[in-house]
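One structure is given here, and the rest of the page talks about it.
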Amino acid sequence: MKWDEFFVTGDPMIYGADVSIVLTMVGILFYLTKYKKWKWLWDEWLTTVDHKKLGIMYIVSAVLMLFRGGVDALLMRTQLAVPEAKFLDSQHYNEIFTTHGTIMIIFMAMPFLIGLINVVVPLQIGARDVAYPYLNAVSFWTFFIGAMLFNISFVIGGSPSAGWTSYMPLASNELSPGPGQNYYLLGLQIAGIGTLLTGINFLVTILKMRAPGMTLFRMPMFTWSSLVTMVIIIFAFPILTVALALMTFDRLFGSHFFTLQGAGMDMLWANLFWLWGHPEVYIVILPAFGMFSEIISTFSRKTLFGYKAMIWSMLLIAGYSFLVWVHHFFTMGSGALVNSVFSITTMAIGIPTGVKIFNWLFTMYRGKIQFTTPMLWSLGFIVNFVIGGVTGVMLAMAAADYQYHNTYFLVSHFHYVLIAGTVFACFAGLIYWYPKMFGYKLNERIGKWVFWVFTIGFNVCFFPQYFLGLDGMPRRVYTYSEESGWGPLNMVSTIGGFMMGIAFLILVYNMYYSFRYAKRETTGDAWDGRTLEWSTPTAMPPFYNFAKIPEVTGLDHFWRQKQAGKVEKLKAEDIKPIHMPSNSGVPFIMASFFFVAGFGMVFEWMWMAIFGIIGVFGTLFYRSFEYDDGYYVSVEEVIETEKISK
Amino acid sequence: MRRLKPFFTFGLLMAVFMLSGCSDMIVLDPKGPVGAEQRDLIMYSIWFMLFILLVVYALTAFIVYKYRDRKNHKGYDPDNEGSHLLETIWWIIPIIIVIALSIPTVKSIYSLEGPPEESKDQKPLVIHATSVNWKWVFSYPEQDIETVNYLHIPEDRPVLFKLTSADSMASFWVPQLGGQKYAMAGMETELYLQADEQGTYEGRNSNFTGEGFTNHTFDVMAMSDAEFEKWASETKADAPELSKGQYDKLMLPGHVKQMTFSSTHLDWVDHAKNPEYALDARERLGYEEKLPHSKAGKEEKKKREEEMKKLEESESHGDSHAH
Amino acid sequence: MRRREKMAHAETHDPNTPLEYRSETGRLNILGFWIFLGAEIALFATLFATYMVLSHRVADGPALGELFEVESLLIQTFLLLTSSFTCGLAVHEMRRHNVKGLITWMAITLGLGLGFLYFEIQEFLHFIHEGANIGTSAAWSGFFVLVGTHGAHVTFGIFWVTMVLIQVAKRGLTPATSAKVFITSLYWHFLDVVWIFIFTAVYLMGMVTHNG
Amino acid sequence: MANKTVANEHHGFPWKHLIGFVLSIVLTLFALWIALETDLSLTWILIIIFGFAFLQAALQLLMFMHVTENSTKSNLTSRVQIGNILFAAFVAIVIVIGSVWVMTAGHAKHDKDQHAPKTENHENHGGGSEHDSGEHGSHE
Ligand code: HEA
Ligand code: HEA
Ligand SMILES: [Cu+2]
């Protein structure tokens, strides 16, 4: 490997990125050293096993990734704004949409949701931590390292450029040589390990760590949606693991799963990818559904309508999600029977989803609706998501899909569900639970600006794309001709894209503004909430969450207690020593070895890969011999903590 | 009411788009029975979807307006937690809609597997379409001629495309004639299309195939039967034969202008049976895929860009059918 | 954070409860491991699907069934089946609080596992010698990766069980160590289940379709 | 199952294990015999040997792995364990049968590669000949 192949060169934008990366690094190192923050960083964050801190780290990483993916998006939109633009060349454009799609789904949407789940679910079920706090840290760090590995491809070695779907044989060694595609494979593989562990961790947490009295059918809807999501994760992610491994073998070790030679079968990659890929899109929508259920119920000041139907519809969606993957390749020629079956199963998903939509609407019916920002995002979700949903059903009609497939109609569909569904939920959830994480609310007035600018920009950006699709504009083209007539709508779309960018900047400003000026919360119940996370006396729960584990008597337990004026006050004699897990630096170190192994594989430096893998196993074995039973928080300390905050 | 204004504005905007756009959009303006069947299905589904949107929006507007938090708020019922009647309604109506959408969908799926109903008794014209990065090779086995990057077809007669690829997975799509289907190496898929009107239609590969994907296009010229026969026999007589060497050169990734030959590559290779042919040809010619960010890769890129520019110039001069 | 004393985690002391279920951690870990096995089922299912789809695509290499041999297959199968049995006996002994029995049966299990690996490697070498390796054709890629993944699991299992046995030897049977033993036993039985399907879907089917 | 304490099961002779072991050996040999020594049709062979495989898997789960055992007083864990395995089986069957179906239906008849040798001539009798019959102007 020559140097000109190692560092990406020759483009002012890349040099700019190089410089800013180095400057940021130096800045951070300088800050940490100057203010003697190294120990703080290590003790409080790098070694933490506290689900709330891990959740916050997930969310911070996801917001950074949203920025990265968003910059990619705006670069694409700039290139497409006018016909025959020369802003990006073909190779660049291809790299950008590949990283955009991959980062947004794997390193933005999922971690954002998992972050919120981390912060909220243990609190909602009245638990002091997750079932496996140590594993939780491993999950976060493998995700983080996977994301970093994927992101450095931009400046070292070059990014993947075969689309987030990486169809073979395009993604094979013969047609896409070099490290780019390897980054995709290894970055996703390492992050995928973390996701699978999260799945197991939270499934067990929700099943086994619930407060006494909280039966399954008394769980808050966000917890339910997390439970169902974890089930999908557990059974879908191994498929991705295998698919990625097989492609890695094809590229690195000469096997012939999906190659042109040796009777490999390119269709099989598409099949395996979507066997995971379709459940994946429900992994990123179900927690969103859960959050909207909480928020709509809270701000309608009313019980969720059709609680049981909400649960059954989610279980149905989860089951169906494994039965529809073929709708992503109706045009592959699998025959009329296959296409018919999968058309119908796909459309059938619209039924339980519709039930949820109407249940949300009727949760507001006879309610007392307060238009807080989280509620606005939820209303925006209903109105916009159905557009994405019904166009999804149009795509599901295979005979018609032959015309929509690979066009901007499809691009528009999935942004309508991903943004109006997942991203709106991330914003709504972030704002809703912000006081739980940081002790103050985000400013509502600025927040409403963000909502309107973003939502309008979103529609301006993506609604025209349906028409571009029907006008025959294919996806993944880096430019188009004047004669095609696609110019004006693309310009409109680009304007909308930049409006979303502006909204994002206002959101970041709001975080800064609220950090400086927002009134600090004095109780734990910022929104007059219904579920247990709001019942902690302090705005931000202490590291052990609950000094005394609550006893639950029904749905919306906390709300009903408040209504009855029976919120229990904590008494000193109720407090017992609290068992907590100890911090550990091992997950961070293990993830670092993963990075070394991954980087070695990307460049096919096998000595380095083997060194990294040995390191990973070393940390595993070390952990196996470590008998750390955690520690007890003394009664005095609990009393002190709870008093200080009172 | 003020809060809802944006939603209504948006609805209005949508209606304007719908009304102004319909007839212009090529998918909704088909020139053959296959595309027409799909257009009908699309329009049929759009009415259902608009109905669903209308119901959801009307309900949202009504509920949000009526139950917003305000002074002397009426009808607040915090413990209202469901209604069997209502819930049954919204389980059943979607089920009915899905059934209503499924029936024509399945019908169309089956009918699109064969030639169009109206021309069932006509013998389809068979054309083998082979994708190779980033060009299309069309073989007419009956006429024993081959074209690159353009097609001549007779109108009012079904055409059976036998699709395959020499390398990446591609998708053969002529939006105005009908939907697409994948063309894959080592595999043959079939697609029936038909033109009912004379004219030139744009066709393309719509499945991403890498750097040259954007220009992976071709033209389809639909003409009368007589004109088609005339063109075919003239081509057979006048055009040069396709040599193996020349064909191998076509296997290199890149763009070429339109070409015509009086023999087909099917005489010695069918990519549906031999997926390795293109890679072997590249090896024979000493071609190697470069890393996109290496020096060599950048030179290659420049070369391709110039190639493309030359092509565009030659096409604008009208000598596109050079033999 | 402040200084805190370390203490063992609270445990159940009901003598009827097996040791591995007595501590909260033990119970959680065992349930979590069951769920992990669900994920493993999905993982192997994907490998099986790949293998089944590709098993006829032999290009110009040998057909799969052509090289399979009943004798080696039976030896491997019986070694693994027996090891699953002895592993079960080990857990049985553990529940009788018989540390020596546990270690003895587990050691036998490990021996059988090593034997299995020996014959599997011999078989792979034989195939490679006959001109079938991972790069020969799609079918052989599928074979080697499916069967190899199982073999890698067995290898990992041998290391893991060894580590756990060392811990049992050092610390005796505690709620913590016995939960570890129980989890490794689940893992080991699971590998036997996977092998049954490899036996059926790969070897038997390969031989049937090749002969018939 | 729910309230049966596991304790009383493991004092005597491990009958359960022994029966499980013997059955698994028998099933294995029987499957082998069916597959290699009988003249049943391929479909029946497949049905029987896969039936046996699932039986054996169930044996391992019930006899060796104690899948129905509860770690706590409530029967939540056993239900989760069983439900988990059943859902895993569902997903596994969808993955395997679904993939095979989707990758062969419609494609199989077009899949000319199956037994074709790697030469450039395809006069070979193999793939696709039956299916070409309806076609005009064979290109061979
Ligand atoms: C959050 C992510 C998300 C969600 C929730 C969905 C939801 C749905 N998707 Fe989407 N989809 C994607 C993300 C998502 N999708 C992505 C990323 C891709 C493309 C990937 C790529 O190629 O790069 C894609 C692609 C995609 C395709 C492939 C198209 C092609 O490649 O040609 C299809 C086809 O069937 C489809 C269908 C559906 C359907 C039917 C739903 C349904 O779940 C929608 C259900 C909702 C409703 C229907 C609305 C509410 C219901 C009512 C108001 C009741 C009444 C309605 C009816 C009875 C119809 N999607
Ligand atoms: C959750 C997932 C998600 C999200 C949130 C988004 C968000 C956006 N996407 Fe994304 N998109 C995908 C998932 C997602 N996308 C996927 C999976 C694909 C398919 C990829 C593939 O084909 O392989 C895709 C493809 C895709 C395409 C098609 C490319 C093509 O086929 O050629 C386009 C084109 O318009 C697009 C646009 C946008 C825009 C404008 C946003 C906006 O919402 C972004 C808003 C912007 C910000 C939040 C960032 C703010 C940044 C700044 C303010 C800094 C400004 C700085 C500069 C201008 C330098 N996306
Ligand atoms: Cu899908």
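Throughout, a chain's letter reflects where its sequence line sits, starting with A, and its residues are numbered from 1.
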Measuring heavy-atom distances to chain C, does [X] have an atom under 4.5 Å in its side chain, in its backbone, in both, or in neither?
X      : result
A:M580 : neither
A:L196 : side chain
A:L268 : side chain

Donor-acceptor contact present, side-chain A:T205 to main-chain A:A131, <3.5 Å: yes
Evaluation steps, ring pair (Phe, Tyr, Trp, His ring centres under 6.0 Å), between C:F116 and C:W195: CA-CA 11 Å; C:F116 168 84; C:W195 181 258; 5.0 Å; yes
Pairs of heavy atoms under 4.5 Å with chain A: top-ranked of [options]:
options                : value
C:A42, C:A45, C:A49    : C:A42
C:N29, C:V164, C:L47   : C:N29
C:I166, C:V145, C:T149 : C:V145

Sole candidate of A:N545, A:N201, A:N136 that passes side chain to side chain donor-acceptor pair (under 3.5 Å) when paired with A:H51: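 When A:N545, A:N201, A:N136 are each tested with A:H51, the side chain to side chain donor-acceptor pair (under 3.5 Å) holds only for A:N545.
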Over 12 foreign heavy atoms within 6.0 Å of CH2, C:W105: no
C:F156 atom CZ, neighbour heavy-atom count above 12 within 6.0 Å: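 Result for CZ/C:F156: enclosed.
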Heavy-atom side-chain proximity of A:M230 to A:V228 below 4.5 angstrom: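 The answer is no; the side chains never approach within 4.5 Å.
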From A:W276 atom CH2 to A:L188 atom CG, the distance as rounded to the nearest 0.5 Å: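 The CG atom of A:L188 is 6.0 Å from CH2 of A:W276, to the nearest 0.5 Å.
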Between CG on residue C:L37 and CD1 on residue A:I200, distance to nearest 0.5 Å: 9.0 Å
Checking [X] against chain A: side chain, backbone, both or neither under 4.5 Å from a heavy atom?
X      : value
C:N133 : neither
C:F159 : side chain
C:I41  : neither
C:F44  : neither
C:L54  : side chain

What residue, out of [options], has the most heavy-atom pairs lying under 4.5 Å from chain C?
options                        : answer
A:V204, A:L620, A:L197         : A:V204
A:T259, A:I239, A:L203, A:V231 : A:I239
A:S624, A:A236, A:G199         : A:S624

Derivation of the ring pair (Phe, Tyr, Trp, His ring centres under 6.0 Å) call for C:F143 and C:F68: CA-CA 11 Å; C:F143 171 85; C:F68 293 162; 5.6 Å; yes
Pairwise side-chain hydrogen bond (donor to acceptor under 3.5 Å, both in side chains) hits with a residue in residues 37-50 of chain C, at least two apart: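 Checked against side-chain hydrogen bond (donor to acceptor under 3.5 Å, both in side chains) - neighbours excluded - the pairs reaching residues 37-50 of chain C are C:E40-C:H153.
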Short side-chain donor-acceptor distance under 3.5 Å, C:T86 and C:T109: yes
Side-chain donor-acceptor pair present, A:T229, A:S226, cut-off under 3.5 Å: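 No, no side-chain donor-acceptor pair sits under 3.5 Å.
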Validation row, ring centre A:Y132 to ring centre A:F202 under 6.0 Å: no
Contact residues of residues 241-256 of chain A (partner chain C; heavy-atom separation under 4.5 angstrom):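 When heavy atoms of chain C are the reference, residues 241-256 of chain A contributes A:T241, A:V242, A:L246, A:F249, A:F253, A:G254, A:S255, A:H256 within the under-4.5 Å range.
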